2 protein chains.
Amino acid sequence: MTRDDVARLAGTSTAVVSYVINNGPRPVAPATRERVLAAIKELGYRPDRVAQAMASRRTDLIGMIVPDARQPFFAEMAHAVEQAAADRGKMVLVGNSDYLDEREVHYLRAFLGMRVSGLILVSQGPSETAAVEIDAWDARVVLLHRRPEAIEDVAVVTDDVSGAQLATSHLLDHGHAYVACLGGTEETPAVGDPVSDHVEGWRRAMDEAGRSTEGRLFQAPYNRYDAYQVALRLLDGPDRPPAIVCATDDQAIGVLRAARELRIDVPGGLAVAGFDDVKEAGLTDPPLTTVASDRQAMARAAVDLVLDDGLRVAGSRRERLKLFPSRLVIRRSCGCD
Amino acid sequence: MTRDDVARLAGTSTAVVSYVINNGPRPVAPATRERVLAAIKELGYRPDRVAQAMASRRTDLIGMIVPDARQPFFAEMAHAVEQAAADRGKMVLVGNSDYLDEREVHYLRAFLGMRVSGLILVSQGPSETAAVEIDAWDARVVLLHRRPEAIEDVAVVTDDVSGAQLATSHLLDHGHAYVACLGGTEETPAVGDPVSDHVEGWRRAMDEAGRSTEGRLFQAPYNRYDAYQVALRLLDGPDRPPAIVCATDDQAIGVLRAARELRIDVPGGLAVAGFDDVKEAGLTDPPLTTVASDRQAMARAAVDLVLDDGLRVAGSRRERLKLFPSRLVIRRSCGCD
DNA sequence: TGCTTCCCCGGAAGCGGTGCCGCACCGTAC
DNA sequence: GTACGGTGCGGCACCGCTTCCGGGGAAGCA
């Protein structure tokens with residue numbers, strides 16, 4: 001089934017079939033349109049998207065790369081983006097980098113080669129190869145959630161510094177001597193990594209309260225399983241911290257699990273706060289106090305930026321930034337209630 | 001940058017460039033090949049995948065449709081498929097149907113229009129529209145995990161009946177008077193729905209042990225959040241069941257959470273078993289006894305079937321089935337240890 | 001040396017659409 | 001009756017790549 005068949009049956013040219021399918025670029029007389037539509041239906045004709053993409057040099061695809069869609073936060077993010085894109089008639093292809101630069105670039109190349117109309121990148125590492133690939137293709141990219149230094153493109157991120165500060169202060173307000181911080185795995189996380197911002201926010205809050213941060217920053221991968229292992233060791237020691245802010249909810253869930261294992265009461269013996277407000281945060285025991293931002297709105301912003309020409313704005317990195325506010329969601333793991 | 005540029009720089013024809021890129025279909029003299037490769041590198045040429053797809057009438061894409069990739073089970077399944085496909089040089093596009101027939105068909109059409117080389121369908125509802133769409137396109141489809149009656153294609157599924165039977169018997173062996181079952185939401189789940197098989201397995205085990213199943217089957221959506229709500233009501237009643245087998249681990253997690261809320265000790269006051277063995281099952285409190293199957297192998301089988309011509313086999317539905325065994329993973333929620 | 005045979009390579013015809021450009025036809029103004 | 005503007009369609013040149021087919025040159029053989 002090709003346009004030719006349709007054109008023949010409708011007794012028109014193939015051009016007219018195109019005009020009808022795309023509502024343009026030239027008008028078609030109502031009667032002709034009807035004939036074409038009828039022929040399409042009769043033959044069960046479906047335009048070949050590949051051929052359309054080839055000829056029109058565009059697609060209604062958006063590529064999205066995330067570190068690992070099995071983690072709830074990324075899964076929810078991807079879902080939000082999918083919805084926002086669907087609202088604008090676009091489809092999202094998502095690829096998992098598995099926290100590997102190499103796979104990130106692999107998907108980047110693959111998506112770009114597929115002529116996606118834009119790319120939403122929830123980056124992981126330093127992404128230097130990704131950066132060169134991006135401007136080799138002169139691709140339309142928006143960074144979401146993380147903002148690696150190597151990549152200059154427009155970014156949609158949350159105010160992680162304030163968020164962490166909020167959470168830390170809140171924990172401090174509960175009267176704890178200090179608050180430990182569970183960051184990412186990197187010794188010195190790159191600028192643009194939300195986790196480094198979390199750490200920064202935590203530092204500020206601690207400083208303001210006049211507490212030392214010395215030796216109170218711990219490292220764990222962002223997922224609950226590894227964080228659980230780390231927390232097991234951390235909480236079992238002699239100087240167990242009275243409170244912990246985590247860089248992600250998933251880590252916090254691991255901490256909660258470790259605390260239960262060790263029969264440490266939360267929040268009685270240990271206060272915990274997370275970050276991201278994943279859906280599950282409401283169903284942990286105790287429910288997790290965490291830092292939220294408007295995921296829907298961020299997804300929409302990212303999609304809008306990538307589709308409209310919001311990307312090509314000039315200006316410094318700071319200006320090419322869409323910063324969403326963080327707010328504290330108080331549940332019970334902090335000691336409230 | 002097109003092939004023409006490469007050909008010009010290398011001093012060959014465009015055909016030769018193709019031969020080099022694809023290692024065929026005709027051989028190229030080593031010296032020529034080198035020149036072409038050098039030109040490609042110098043220009044930073046990347047073949048246009050869309051044009052390749054258009055000309056060759058194939059892609060290295062596999063479409064996959066799942067109900068909701070935010071649920072751990074589907075996320076893990078998708079990940080396994082992604083890996084299996086990557087091993088064979090293919091890329092997977094995944095779409096979420098959100099349990100809506102309409103969106104399932106939407107993705108089906110979209111993927112088919114993109115000329116994917118095959119489709120792996122983790123279906124949800126009855127999928128009748130999906131079925132007509134599939135043979136309208138004469139698409140290469142393999143069903144994974146679920147097997148709606150409307151779709152005739154080859155399926156890769158687990159032996160859910162035995163699995164549920166195993167789990168139920170095990171719970172019974174712990175001496176409980178009976179085992180309740182938490183199934184899906186449908187009054188009469190369609191044939192091919194694993195959940196209906198779970199229920200069937202549960203029935204058999206109960207029958208064998210001479211226990212009545214009357215009024216002991218309950219309904220809940222497959223996710224932890226809704227299952228939690230259902231469990232809250234179920235467990236709070238006067239005749240709380242002594243043991244429950246759930247149709248999915250996610251439901252079981254919801255049940256565990258509800259039990260904790262109600263201060264019911266698991267497994268002391270309530271034994272629980274799940275189904276699927278998602279990663280998280282090892283990290284619940286208590287760790288979840290569940291039914292596992294080899295997800296890796298199933299993913300590989302699905303990918304192999306969809307890519308090779310395993311699909312076109314004749315034979316009855318029963319013959320067009322790849323059944324993977326279920327095995328019981330004993331942890332602590334059942335009362336062991 | 002003349003004729004096959006084989007190996008490499010190039011020309012060119014698609015793949016299934018898009019969309020520019022121009023033509024034919026009709027109605028209106030003069 | 002001729003000139004003219006507008007409207008609706010159709011011809012056709014692409015988009016960038018694959019791959020068939022055939023030609024030309026070198027090597028092999030008599």
Side-chain angles (χ1 to χ4, degrees), chain A residues 1-40 43-61 109-117 137-138, chain B residues 1-40 43-61 109-117 137-138:
Chain A
M1 285 305 99
T2 74
R3 254 169 351 161
D4 298 36
D5 301 302
V6 177
R8 201 172 312 120
L9 181 59
T12 68
S13 73
T14 60
V16 173
V17 178
S18 275
Y19 298 152
V20 170
I21 290 172
N22 309 327
N23 281 320
R26 321 256 19 196
V28 173
T32 317
R33 167 183 307 275
E34 285 316 312
R35 288 212 318 284
V36 172
L37 257 16
I40 288 176
L43 297 175
Y45 166 74
R46 310 265 180 224
D48 182 324
R49 318 283 289 183
V50 174
Q52 286 182 308
M54 157 105 270
S56 65
R57 316 186 52 51
R58 42 186 165 63
T59 61
D60 46 8
L61 264 27
R109 266 201 261 272
F111 289 158
L112 258 15
M114 292 172 73
R115 290 199 126 65
V116 293
S117 47
W137 287 78
D138 191 35
Chain B
M1 284 307 97
T2 75
R3 254 170 352 159
D4 296 36
D5 301 302
V6 176
R8 201 170 313 121
L9 181 60
T12 68
S13 74
T14 60
V16 174
V17 178
S18 277
Y19 298 152
V20 171
I21 291 172
N22 309 327
N23 281 322
R26 321 258 16 197
V28 173
T32 318
R33 166 184 306 275
E34 285 315 313
R35 288 212 318 282
V36 171
L37 257 15
I40 287 176
L43 297 175
Y45 166 74
R46 311 265 180 224
D48 182 324
R49 318 283 290 183
V50 174
Q52 285 183 307
M54 157 105 269
S56 65
R57 316 185 53 48
R58 41 185 164 64
T59 61
D60 45 8
L61 264 27
R109 265 202 261 272
F111 289 157
L112 258 14
M114 291 173 72
R115 292 199 123 65
V116 293
S117 47
W137 287 78
D138 191 36

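The sequence lines fix the lettering, A, B, ..., with proteins before strands; numbering per chain opens at 1. Remember, it's a predicted structure, so these values are computed and weren't measured experimentally.
Atom pair A/Arg58:CZ and C/dG19:C1' shows a separation of 10 Å (rounding to whole Å applied). The CZ atom of A/Arg35 sits 13 Å away from the C1' atom of D/dG10 (whole-angstrom rounding).
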Nucleic acid footprint by protein, nucleotides 10-17 of chain C - heavy-atom cut-off 4.0 Å, B for base, S for sugar-phosphate alone: BB--BBBB
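Nucleic acid contact class of B/Val17 (heavy atoms, under 4.0 Å, all strands): none.
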Any protein N or O atoms within reach of nucleotides 23-26 of chain D? Criterion: under 3.5 Å, listing atom names and distances.
none

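In this structure, A/Leu43 CG and A/Met1 CE are separated by 5.5 Å, a value rounded to the nearest 0.5 Å. In this structure, CG on A/Leu9 lies 10.5 Å from CD1 on A/Ile40, to the nearest 0.5 angstrom. Taking OH from A/Tyr19 and OG1 from A/Thr12, the interatomic distance works out to 11.0 Å, rounded to the nearest 0.5 Å. Note that CD of A/Gln52 is 15.0 Å distant from CZ of A/Arg57, once rounded to the nearest 0.5 Å. Put simply, CZ on A/Phe111 and CG on A/Leu61 are 8.5 Å apart, with the number rounded to the nearest 0.5 Å.
Counting non-hydrogen atoms of neighbouring residues, nucleotides and ligands closer than 6.0 angstrom, the CZ atom of B/Arg35 exceeds 12 such neighbours.
The two atoms that bring B/Ala10 and B/Val36 nearest to each other are CB-CA, 3.9 Å, heavy atoms only.
For A/Asp5, the salt bridge (charged side-chain N to carboxylate O under 4.0 Å, His left out) partners two or more places apart in sequence, or in a different chain, are A/Arg8.
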